[in-house]
Every structure is written in C-alpha cells, then in structure tokens.
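Notes follow once the structure below has been shown.
All values below were derived from every heavy atom in this structure, side-chain atoms included, with hydrogens, water molecules and symmetry-related copies excluded. Bear in mind that the values here come from a model prediction, so they are computed numbers and not experimental data. Remember, it's 1-based here, ligands and their atoms both numbered in the order they're listed.
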Amino acid sequence: MKKLLVAISLIIIIISGCSMTADNNKDMEAAKQESTSVEKNTSKIDSVEDSLLSPDRILNIAHRGASGHAPEHTIASYALANEMNGDYLEIDLQMTEDGELIAMHDSEVDRTTGGEGAVAELTSEDIDLLDAGEWFNEEHPDLAEPVFSEAKVPTLREIFETFGKESNYYIETKIPEESPGMVEELADVLEEYGMLDDDMEEGQIIIQSFSEASLREMHELEPSLPLIQLISYDKKADITGEELDNINEYAIGIGANYKHISKEYVQKVRDAGLLVHPYTVNEKEDMERLIDWGVTGMFTNYPDRLNDVLDDMDSE
Ligand code: G3P
Ligand code: CA
C-alpha cells in the first residue's frame, strides 16, 4: 500500500509539472548562476534576490505540507504544497525506538493516526502499520478525499525518495533532548540522499529547532547548513543584543510565533542581519501585516493563500 501511495503521489507530482514549478526552477537556476558566496551562520547573507536565503525574498514555508488542505505530514500534503508553489516543505521529526526519523509533530501518534503511544516506544514497523489521514477526513468532511484514508506516516527517507533534490526542505528536530542521536541520524540521512552535495542549491535544506543545543550540534557536524533558531514567546516579544549576537554565532535567522512579535521586533532581528520567519500564519491580513513589517518568510498551512497575497502585492 505504501508503494501504491508513493506511486499515486509521484503521478500527482508529474501531472502538476513536477514538484517545482517552471518559475521556481527558473529562480533556482538563476540563483545558481548569480549567487556568489553566502557566508552561512553569520550575519552576512548575500542580497542576491533569487537566492533562497536572500533577505530580499519572502519564503513560503508550507507548514507540515499544505496542511490546511490535506492531512499534515503526509506525502499527499507535501505533494499539494509543491503543487501550490510553496518554497519549502516543512517537516517535524520524531525518532522511533529503532532510530528511524519519521515526519510527525507530536511525540505520540494518537492525534494524527489510528494508533496510540509514544513514537519513541514504537518501531518503524509499528509506525508503518498506522493510517495517517483518516482523522483528517473525519474532522474535515468538507476537505475529505478517499486518497487521504490511504495516507501513511512517512519516514524522512521516504520523503527524500519521493521528492528528491528538486524540492526544498525546512526540517525541525523536535524535542531532540529526548531523542539522543537524532541530530547525527539527520546528518547521516541528509548525506545518504545527497542533500549535502555540491549540486544542491544554497538553502535547499534548512534545519530549525527550539533547541539551541541541537542547532549547535548540527553546526559542529555540518557547518555549511543554514539553521533557524525557533523561539516561542508567551507575551510581547523582545530580544536583546546579546541574544541576537549569540544566535548569530550558529544560525541565519529566527522563527517566532507571529502573534507576539511587533514591527520593532522584526526590525531589530533584521538589523542584526538575521532572517525572520514567523509561524504559523494562516490569515491573509496577518500575512500582509507581517510582510509590511519586513519578515523574510513565514510558515503557513495555506501556501496558496500566501502566494495570492504575494501576487496581489506584486501587482500593486
Ligand atoms: O517550526 C515552526 C513551527 O512549526 C513551530 O511550531 O509546533 O508547529 O512545530 P510547531
Ligand atoms: Ca515545526
């Protein structure tokens, strides 16, 4: 069944013009030709407009795929995100008992599958038996699709096998302190699938985490990988110069919950030479306001909606 679902997804991708649009391919080709060096993990990010990491771009990060339209973290959700021209597939990682990296937000399988229990106490074989889309069809009858009932929990390997080097990945190590070895395993899988090779565009892989320790560990292992420090604020966001200097030692930007940030916050982070990617922005008026404040991208469950906003702004 897994093979069937992957085959269906591949057909969707091919029909929709592969996982990147002609425009995105053109952007990436232009970036390859025009981009000079991006000094990663410092504040000196080039301003080459087409470069994925350019502060002049507004990145459309498809949060858990196009998860406003399809069950989160499934091949169907990622395929739809690519169809909708999201710039990145956002993937949360959990690690199984036998050390396989899988795409799942929660540390337990209960909310998004028919199973129950902690990922860390289940093997990859156990996970492979679970359905990952039935809940979505039940909760969203208006969006339900028979194919979602067939959805499985993908491993990171299956995602790379399906979408290859033509997609861009924004990968989060989830609670890595509870999954020893997660960062090394991620680096190994990236290497295994050629995601660290020279033929990859600068910025095609971004690693994000709330855990500074895990980002610093990744920075040690793979200094060239761009990293984003996630921060969760529970009141009006502020950040000190010292904190910005610290983040600038290993990361190229900050991902913060959008409801607590302000124009001043965005400016402060940008002035420190860091990118700002708020999460998770689903309403057009919030998207417009944040773009106006100077963010350099955002996480959204609706990559189509963000592209509408960007198109409208372009045509003004
Ligand atoms: O990774 C950015 C954002 O997704 C963080 O929140 O809980 O959706 O992973 P969460
Ligand atoms: Ca995430």
Side-chain angles (χ1 to χ4, degrees), residues 52-53 58-74 77-78 80-81 86-95 101-113 118-120 132 135-136 139 153-156 159 167-179 182-183 186 203-215 218 225-234 237 239 247 250-261 265-266 269 274-283 286-287 290 295-303 305-306:
L52 283 164
L53 301 181
I58 296 163
L59 296 177
N60 186 333
I61 306 154
H63 184 245
R64 312 182 195 178
S67 60
H69 300 278
E72 66 185 60
H73 288 319
T74 59
S77 182
Y78 301 138
L80 198 53
D87 290 311
Y88 282 90
L89 303 178
E90 197 255 351
I91 301 166
D92 296 316
L93 290 182
Q94 300 282 347
M95 195 153 90
L101 296 175
I102 63 163
M104 186 170 288
H105 176 271
D106 300 2
S107 53
E108 295 182 340
V109 301
D110 304 42
R111 179 178 63 86
T112 55
T113 77
V119 176
W135 69 273
F136 184 89
E139 277 186 28
V153 177
T155 64
L156 183 60
I159 295 168
S167 288
N168 305 325
Y169 304 94
Y170 202 124
I171 302 172
E172 179 178 354
T173 52
K174 272 278 178 226
I175 325 183
E177 53 277 15
E178 290 178 13
S179 297
M182 178 184 260
V183 174
L186 172 55
Q204 262 193 274
I205 304 284
I206 294 178
I207 307 297
Q208 48 161 341
S209 189
F210 287 102
S211 160
E212 176 182 336
S214 93
L215 291 177
M218 183 56 92
L225 272 179
L227 310 177
I228 293 286
Q229 177 66 60
L230 297 175
I231 304 177
S232 175
Y233 293 101
D234 55 11
I239 193 158
I247 292 170
Y250 58 92
I252 61 159
I254 290 175
N257 44 341
Y258 81 94
K259 282 186 180 159
H260 293 299
I261 64 174
Y265 177 91
V266 172
V269 177
L274 291 162
L275 303 178
V276 193
H277 297 160
Y279 62 87
T280 300
V281 191
N282 292 327
E283 300 304 326
D286 294 321
M287 294 172 177
L290 290 160
V295 303
T296 52
M298 65 190 81
F299 298 79
T300 179
N301 298 344
Y302 299 92
R305 226 176 254 182
L306 177 54

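For ligand 1, the atoms closer than 4.0 angstrom to any heavy atom of Gln208 are 1 (O), 2 (C). Those atoms of ligand 1 with a heavy atom of Phe299 less than 4.0 angstrom away are 1 (O), 2 (C). Which parts of ligand 1 touch Arg64 is read off a 4.0 Å heavy-atom cut-off, strictly below it: atoms 7 (O), 8 (O), 10 (P).
The pair Glu72-Arg111 meets the salt-bridge criterion, since a charged nitrogen lies less than 4.0 angstrom from a carboxylate oxygen.
Put simply, the side chain of Ser209 never gets that close to the backbone of Leu215: no donor and acceptor are under 3.5 Å apart. Between the side chain of Glu90 and the backbone N or O of Tyr169, no donor-acceptor pair lies under 3.5 Å. For the pair Arg305 (side chain) and Asn282 (backbone), a donor-acceptor distance under 3.5 Å is present. Not a single donor-acceptor pair under 3.5 Å links the side chain of Thr155 to the backbone N or O of Ile102.
The ring of Phe299 has its center closer than 6.0 angstrom to the ring center of Tyr170. If you look at His63 and Tyr279, their ring centroids are not closer than 6.0 Å.
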Task: Chi angles and distances behind the side chain to side chain contact (heavy atoms under 4.5 Å, CB included) call for Leu275, Ile254 - done: CA-CA 6 Å; Leu275 303 178; Ile254 290 175; over 6 Å; no

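Only protein N, O or S atoms were considered, and those under 3.0 Å from the Ca ion (ligand 2) are Glu90 OE2, Asp92 OD1, Glu172 OE1.
Between Lys174 and ligand 1, at least one pair of N/O atoms sits closer than 3.5 Å. Considering backbone and side-chain N/O atoms, His105 comes within less than 3.5 Å of an N/O atom of ligand 1.
When every heavy atom of Asp87 is checked against every heavy atom of Asn168, the shortest pair comes out as O-ND2, 2.9 Å.
Among all protein heavy atoms, the one lying closest to atom 4 (O) of ligand 1 is His63 NE2, 2.8 Å.
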